[in-house]
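Data first, discussion second: the structure below is written as structure tokens.
What you see below is based on every heavy atom in this structure, not just the backbone, and it leaves out hydrogens, waters and symmetry mates. Each chain gets a letter, A, B and so on, in the order its sequence line appears, and its residues count up from 1.
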2 protein chains.
Amino acid sequence: MSHLRIDGERLLGRLRALGGIGRDGDGRLVRLAASDADRAGRDAVAGWMREAGLEVMLDRIGNLFGVWDPGASDAAPLMLGSHIDTVIDAGIYDGCYGVLGGLEVVQTLREAGVAPARPIVVGAFTNEEGVRYAPDMMGSLVFAGGLGVEAALATVGTDGTVLGEELARIGHAGPHEPGFLRPHAYLELHVEQGPVLEREGVPIGAVENLQGISWQRVTIEGEANHAGTTPMSMRRDAGQAAARVVTFLRDRVSRSNAPTVATVGCMVFEPNAINVIPSRAVFTVDLRDPDEARLLAEEVALARYLEELAAAEGVAITVERLARFQPVTFDPSIVRAIEAAAAAHGLRCRRMTSGAGHDAQMMARVCPAAMIFVPSAGGISHNPREHTGLADLVAGANVLLDVARELAGAPG
Amino acid sequence: MSHLRIDGERLLGRLRALGGIGRDGDGRLVRLAASDADRAGRDAVAGWMREAGLEVMLDRIGNLFGVWDPGASDAAPLMLGSHIDTVIDAGIYDGCYGVLGGLEVVQTLREAGVAPARPIVVGAFTNEEGVRYAPDMMGSLVFAGGLGVEAALATVGTDGTVLGEELARIGHAGPHEPGFLRPHAYLELHVEQGPVLEREGVPIGAVENLQGISWQRVTIEGEANHAGTTPMSMRRDAGQAAARVVTFLRDRVSRSNAPTVATVGCMVFEPNAINVIPSRAVFTVDLRDPDEARLLAEEVALARYLEELAAAEGVAITVERLARFQPVTFDPSIVRAIEAAAAAHGLRCRRMTSGAGHDAQMMARVCPAAMIFVPSAGGISHNPREHTGLADLVAGANVLLDVARELAGAPG
């Protein structure tokens, strides 16, 4: 363990400064990808990168990189990254902590005169949130070769704008082809966005994998009838059938000891009248599991249940697949390095699964990658109440510092 | 059994003619209370009443009566009634069948030279549907003394109009105080609006009671959290809790042999996002039972379940009462007379419960009352596909004829 420590006040000051950029008339933080607010945030980050002695580079999809190459070596760089675009009415930590934490690490090393063998790059990927342009994690997906840059630039946003035109307009359509940097490894520091670390009193999460995600939309068609005159035995109640799916999913998942999670977040009844038996219910199913075989098994179990239910309730059920991502396994040696760094700092650490998607899952396609999590107060995220205390922010950045130093080959 | 029969073609012709009055630009039947369409319908009915030799009278709430008093007697009249206002995009039978069936009965008796001891009144009550002005069954409620006429006339409609002003505008605000007629008995012929008669192949329903109705709105408050990062055991899922209430109600009611029906017709999740655990679910519960003690027991069982559920799921549950009507028991001797008349015609008949509200439930407050049901194809009502075949329409009106003749003291 090195004696070096990051500057917590500087990190927090930048987080707060960036969090003040992109406030709307109601004081809400809204820094959607490639908007004027995003430009202002990008300009601030690029300015801090230059102050810290990094060379700022942009690729064609607008990914913003600060490169520190003290040895002018040809070695593949270590990349520390995340994103600075936000959801609507966001908190100030999601994504920004990873970018500014990476910058803080580089600046700390540089000011201490530590010269790593490899370049270190701080990256801010375009449009991770996917609020204005779909899909989310777009910048890292394009960087990793999972989506062509021309197709991505042609994406039409929810407001009718074209991403490529907006990036050009805000001056962040760069000259480099995405993927022009070939990282040796990728590290992402992030707030957990879930309740586990806080409830267990553990300050550091060594993220060893990322859940696979299965999103489906289920439509149940029954028969609208008078709620007073139709005997229970003669009903084909779409709402009743939908409720049975909701309880089936929870009961099945809770019975198992697996980390599977199942959520029905959207539910709509038609005609939605107090005295009419629902003719139609439409709802979403969000299934997640870090194990692909188990995720598949959950999907199959749901499909079987829907078949039985359709027969038992006299309803017609159709299923539409909305999204499907396989689980991602992060690099075991980096995960062990995170655990070792936490231990050296006297910080409790637990291995964990990321329940949310992150740029790291895209980068894991092209290089060894892992993530470091710090606690989120109340598990809250995508909300102005998103919060992580200064001690936890500092602890996470110091662990990032030590792991980065090791991966970049800097003298200890 | 008399040899007299109603004129089915005349009845059907008037049903179709009345059903053609009040079509909107899309061809939908929309004859809301006290509208121009309602005036046109009322004028047609009043014209047919006069043609049939009835004296047309209006009370202050716009209830329209055709009085036939061949003996100029002081005896309390028999009333045959229903309503001619409709829902939006209605069928042609609901209500109109009872009014025009009553008129057909009087005309048949008169043309046959039968002179009953009591006057017979054909009544069309104002605003039974309650679409434009609340509450529904308003005209009969006021007629029976359950609501003051001034309060009723001051009702502001969904379109901002005042009922009293609209009745005056269409020329149907009459001079008589509601209740000026004191019926000896009240009979209402109506389409079932449910599937029971059709599915059992029974043409005549002798309606012996009308369900009590309990309407509640339930609000469940949980906690919004990320669908990926929140373990199942740490969730307070308002949607999950709501689904459990839906299945509880059906399972409980279906296990019993009682005629109780329970319906969750409205359901709304918040924030209704695919990857967010619902923080709030709001839904309605419609409970109906012809027995007041059983209806109360169902309400108590639901309240107890909600208490247990709130504790088990870590959610807060509040309940708002929206409506509560006690069951109505119709007059047993009239119900027996309906059964006897059906038998005399060789028609199968079953006793049944009305699941919907009707003017008869208001009239039952002031005189012996009962209803005759005929089958509704597919149980469909409040819909342009509402249909009852000519044979069933004729059978119901002939049963009404015979029961009316008996109750009015006409020679057999």
Is it the backbone or the side chain of [X] that comes under 4.5 Å from a heavy atom of chain A, or both, or neither?
X	answer
B/A273	backbone
B/D251	both
B/L322	side chain
B/R199	side chain
B/V261	both

[options]: which one forms the most heavy-atom pairs within less than 4.5 Å of chain A?
options	answer
B/Q211, B/M234, B/R250	B/R250
B/T260, B/V246, B/N272	B/N272
B/E192, B/R235, B/E223, B/E270	B/R235
B/T263, B/I274, B/D286	B/I274
B/N225, B/T353, B/N275	B/N275
B/M352, B/R244, B/H226	B/R244

By a 4.5 Å heavy-atom criterion (distance strictly below it), what part of A/R288 contacts chain B: side chain, backbone, both, or neither? side chain

Heavy-atom distance under 4.5 Å to chain B: side chain of A/V276, backbone, both or neither? backbone

Is there any residue in residues 373-383 of chain A with a non-hydrogen atom under 4.5 Å from a non-hydrogen atom of chain B, and which ones are they? A/G378, A/G379

Side chain proximity check, B/P231 to A/P195, heavy atoms < 4.5 angstrom: yes

Would B/V264 and A/F269 count as a side-chain contact (heavy atoms from CB on, under 4.5 Å) here? Give the steps. CA-CA 10 Å; B/V264 174; A/F269 279 16; 4.2 Å; yes

Other residues, nucleotides and ligands only: do more than 12 of their heavy atoms fall within 6.0 Å of CZ on B/R385? no

Around atom CZ of A/R351, are there more than 12 heavy atoms of other residues, nucleotides or ligands at under 6.0 Å? yes

Output, in order, the C-alpha distance, side-chain angles, deciding distance and verdict of side-chain contact (heavy atoms from CB on, under 4.5 Å) for B/T247 and A/Q240. CA-CA 7 Å; B/T247 61; A/Q240 181 66 231; 3.9 Å; yes

Assert top hit (heavy-atom pairs under 4.5 Å, partner chain B, pool A/C266, A/G239, A/A262) equals A/C266

Short side-chain to backbone donor-acceptor contact, B/T229 and A/Q193, under 3.5 Å: yes

